[in-house]
Amino acid sequence: MRVTKRRSDIIELLKKEYWYAKAELDFTNPYELLVATILSAQSTDIQVNKVTKELFIVGGTPEKMSDMSVEELENRIKSIGLYKNKAKNLLAMSKILLDDYNGKVPESIEELLQLPGVGRKTANVVVSNAFNIPAIAVDTHVFRVSNRLGLVDANNVIDTEKQLMQVINRDDWSKLHHCLIFHGRRVCKARNPLCSNCSFTDKCKYYKKLPKKI
DNA sequence: AACTCGGGGCA
DNA sequence: TGCCCAGAGTT
């Protein structure tokens, strides 16, 4: 796909506006990154960071994780919510890593997707950050913002992924991912977006479609 | 496609 | 108090 000037303008402005953008979860060890990403689902990042770092004191490897009872793990991650599903999945996943992958994290999206609790977003986060495999993690913010702005025109996550990979230079994938998330959280919110505070309205497809306020 | 999991942060 | 949240699994 040819990158239009309008799109490249938006990309440059995103990078400028959110020059400080980076992941809140800064785990580089593949297993820790995998666990942290699973824990972060639908939860507040600051709390997840705290809980995850404490968890890794006792569970930073699949072996150590498997030493914990489901009750202990639940209690350790309780404060981030959705804890029963996450605890169950983390223990099941760690067992699979030990049984089938020699305690290592598999390095392909397809294998990661087979693990319990690992979906498209988590798999892409892990391979792109830990294994340098080209992938863009499309979460709710990335999906919503990139479609609203008109960086892509997609009605599902996979198409959004593919189109973003065409539109954005690979060197910028990680950076832009975080820019889109920051913009989505602070300005381009799912409900009641703060368009009056937004720097992109003159280029935004979504804004152009909004009914004019009197 | 809709529903469920969920405690904590914040207005 | 009510609303919201860097997803994934189940029905």
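In this text the structure is predicted, and so the values were computed from the model without any measurement. Order of the sequence lines fixes the chain letters, A, B, ..., with proteins taken first and strands second; residue numbering starts at 1 for each chain.
With sequence neighbours excluded, no residue forms a ring pair (Phe, Tyr, Trp, His ring centres under 6.0 Å) with A:Tyr206.
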Expected string for nucleotides 5-11 of chain C under the B/S/- scheme (protein heavy atoms, under 4.0 Å, primed atoms plus P, OP1, OP2 as sugar-phosphate) is BBBSS--

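Residue pairs meeting the ring pair (Phe, Tyr, Trp, His ring centres under 6.0 Å) criterion with at least one partner in residues 99-151 of chain A, sequence neighbours excluded, do not occur; the list is empty.
Between A:Tyr83 and B:dC5 there is no side-chain polar atom (N or O) within less than 4.0 angstrom of OP1 or OP2.
Side-chain contact of A:Ser108 with A:Glu111: a donor-acceptor pair under 3.5 Å is present, judged by distance alone.
Whole-Å rounding puts the A:Lys84 NZ to B:dG6 P distance at 7 Å. When the C1' atom of B:dC10 is taken as reference, atom CD1 of A:Ile46 falls 12 Å away, rounded to whole Å. What separates NZ of A:Lys50 from P of B:dG9 is a distance of 9 Å, to the nearest Å. Here the C1' atom of nucleotide B:dA11 and the CG atom of A:Leu194 are 13 Å apart, to the nearest Å.
Annotation: the span from A:Leu33 atom CG to A:Thr52 atom OG1 amounts to 10.5 Å, rounded to 0.5 Å. Separating the CD1 atom in A:Ile38 from the CG atom in A:Asn85 is a distance of 11.5 Å, to the nearest 0.5 Å.
Contacts of A:Lys86 with the nucleic acid, taken as non-hydrogen atoms under 4.0 Å apart, are absent.
Nucleotides C:dA6 and B:dA2, compared at atom C1', are 23 Å apart to the nearest Å. Of the P atoms belonging to B:dG8 and C:dA8, the separation is 23 Å, rounded to the nearest Å.
Counting non-hydrogen atoms of other residues, nucleotides and ligands closer than 6.0 Å to NZ of A:Lys64 gives a total of 12 or fewer.
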